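Worksheet: one structure, shown below.
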There are 2 protein chains.
Amino acid sequence: MTFEKPKKKKIPQMTITRLAQYLNCLSLLPTEQYEEISSKELASKIELKPTQVRQDFHHFGGFGQAGYRYKVNDLIIGLERILGLDQQQKLIIVGMGHLGQALASYKNFEPLGLNLVALFDVNPKLIGLSLRDVPIKDIDDLPAIVAKHNVTIAAITTPTSAAQNTANMLVAAGIKGIWNFSPVNLTTPPDVIVQNEHLSVGLMTLSYRLKTLNKQNDGEQE
Amino acid sequence: MTFEKPKKKKIPQMTITRLAQYLNCLSLLPTEQYEEISSKELASKIELKPTQVRQDFHHFGGFGQAGYRYKVNDLIIGLERILGLDQQQKLIIVGMGHLGQALASYKNFEPLGLNLVALFDVNPKLIGLSLRDVPIKDIDDLPAIVAKHNVTIAAITTPTSAAQNTANMLVAAGIKGIWNFSPVNLTTPPDVIVQNEHLSVGLMTLSYRLKTLNKQNDGEQE
DNA sequence: ACTCCTTTGTTAAAAAGATAACATAAATTA
DNA sequence: TAATTTATGTTATCTTTTTAACAAAGGAGT
């Protein structure tokens, strides 16, 4: 009912990840068809058990009441609030290679309350151009732009070799959260949050799961 | 010593993820400087405790012997083996938008034992071109190419609306592992493994962490 | 050669997380 | 209107995972 405060108890990291998954899943639902949804239905879409969903919600007091199913809209609003997506934040992307361009064209930032302010690169040929009306700036202008627009989040999509230097520059400019797409484990001050998006880790996990599945099916031959 | 079999005990999912992180981290080390590494050093790079590292390794019998530090090369080889990266596998990418191109230019596939065989798209203007000597093919040719080269893994980088159909096609073609970059929760048979790379989930997590950090610093006002 | 320090492997304890069981409440049907 | 079904909130139990403690083993220095 309240979905207000974590009540001083620690929220498990995995719960937060799942809340984000719930929200991602819910926002993809056709709104006409799904005005309401049960924990059972939602769980099945993410391959979880209904209890897990309810327990996750319970950390925040729950989002419905006994007997009713959840109202999808209430869930979305509540989850957005918990995840801090109700307050608009400013975002930049550093490194306009393929990956940076991919991110810049990503349409789902605005619905998440993220406002893409500027893009950065060192390549003079790119500087001055725009992607989706967002200008590509010289990396030297970064501190000024971050300060001017009060940017809090930055995505690093530079080559590996430039990642740590970029991070240093971002920290110096006052960035609070780094969304890191480089494989590097960045060194940053404790008050700066780094969210790693190490693609190779996902790929390795997939490889492992494939291998173990095969072993099971093959009767563990080697 | 043996790092051979999981000994019938279940390996925690998080352990696998960490093994991948260890490997990612180790492969970035300058080889001359780091011939050996201790659990303490490795742990600090990923912000873990040394015990965690040793416990993770212990599931596989360990990689060193008491008194010695780990030999980086032994670790790398052992981890690659556990993760199934020692056996070459074939990979394709479906969807040659920015993200697909980013993936295709990703240089770290080969070191992981992944062999990028072909790229696919529906856009006639792209078909026939090449990226890093890998040809872009018509999506209609997918089944034949998968069968011919014995491709096991496919990355989905299509638009959201095409993701499920693409998955269906991949499954029909005999793909065993799907590396899914679309936000959709795909429906697939149980013997097909889906590794989701839901970017928005990472972003939401970052947002949450930023919010809670601020709350702590602000003394939980609101 | 012996002691001290460092380091890993291993086992045991503690903490955390997921699952199940149960109480409560609304809607539907007889 | 009462009974049944379906649903969530909540608490308790059980399982998993992490952390700590300890034993074994090599290397360095005296």
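The structure presented is a predicted model; accordingly, all values stated were derived computationally and were not measured.
The shortest side-chain heavy-atom distance between B:Tyr34 and B:Leu26 does not fall under the 4.5 Å cut-off. Here the side chains of B:Arg54 and B:Tyr70 are in contact, with some heavy-atom distance below 4.5 Å.
Note: CD1 (A:Ile16) to P (C:dA16) measures 16 Å, nearest angstrom. A straight line from CE of A:Met14 to P of D:dT18 spans 11 Å, rounded to a whole angstrom. We find that CZ of B:Phe57 is positioned 11 Å from C1' of C:dT8, with the value rounded to whole Å. Here the C1' atom of nucleotide D:dT19 and the CG atom of B:Asp56 are 12 Å apart, to the nearest Å. When rounded to the nearest whole Å, the span between CD of A:Gln13 and C1' of C:dA16 equals 14 Å. A straight line from CZ of A:Arg69 to P of D:dT5 spans 18 Å, rounded to a whole angstrom. Rounded to whole Å, atom P of D:dA20 lies 13 Å from atom CG of B:Leu48. Separating the CD atom of B:Glu41 from the P atom of C:dT6 is a distance of 13 Å, rounded to the nearest angstrom.
Contact annotation: A:Ser39 side-chain N/O to D:dT8 OP1/OP2 distance is under 4.0 Å. In terms of phosphate contacts, B:Gln52 brings a side-chain nitrogen or oxygen within less than 4.0 Å of OP1 or OP2 of D:dT19.
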Test log, rule side-chain contact (heavy atoms from CB on, under 4.5 Å), inputs B:Leu99 and A:Tyr106: CA-CA 9 Å; B:Leu99 185 53; A:Tyr106 193 59; over 6 Å; no
B:Ile175 vs B:Val192, side-chain contact (heavy atoms from CB on, under 4.5 Å): CA-CA, chis, key distance, verdict: CA-CA 7 Å; B:Ile175 289 289; B:Val192 173; 5.6 Å; no
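A distance-only check finds no donor-acceptor pair linking the side chain of A:Ser207 to the backbone of A:Leu203 [under 3.5 Å]. Looking only at distances, no side-chain donor or acceptor of A:Arg69 sits under 3.5 Å from a matching main-chain atom of A:Gly64.
Heavy atoms of A:Ser38 sit under 4.0 angstrom from primed sugar atoms or phosphate atoms, though from no base atom. Nucleic acid contact for A:Tyr70: sugar-phosphate only, since backbone atoms but no base atoms lie under 4.0 Å from a heavy atom of the residue.
Here the shortest heavy-atom pairing between B:Leu83 and B:Ala20 reads CD1-CA, 4.0 Å.
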Heavy-atom protein contacts under 4.0 Å, nucleotides 22-30 of chain C, coded B base, S sugar-phosphate only, - none: --BBSS---
Contact letters for nucleotides 11-16 of chain D, in which S counts primed atoms plus P, OP1 and OP2 and B counts the base, heavy atoms under 4.0 Å: BB----
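For the pairing with A:Phe63, the ring pair (Phe, Tyr, Trp, His ring centres under 6.0 Å) check across A:Phe57, A:Tyr22, A:Tyr68 returns one residue only, A:Phe57.
Counted by atom type alone, B:Ser105 and B:Gln101 present zero donor-acceptor pairs between their side chains at under 3.5 Å.
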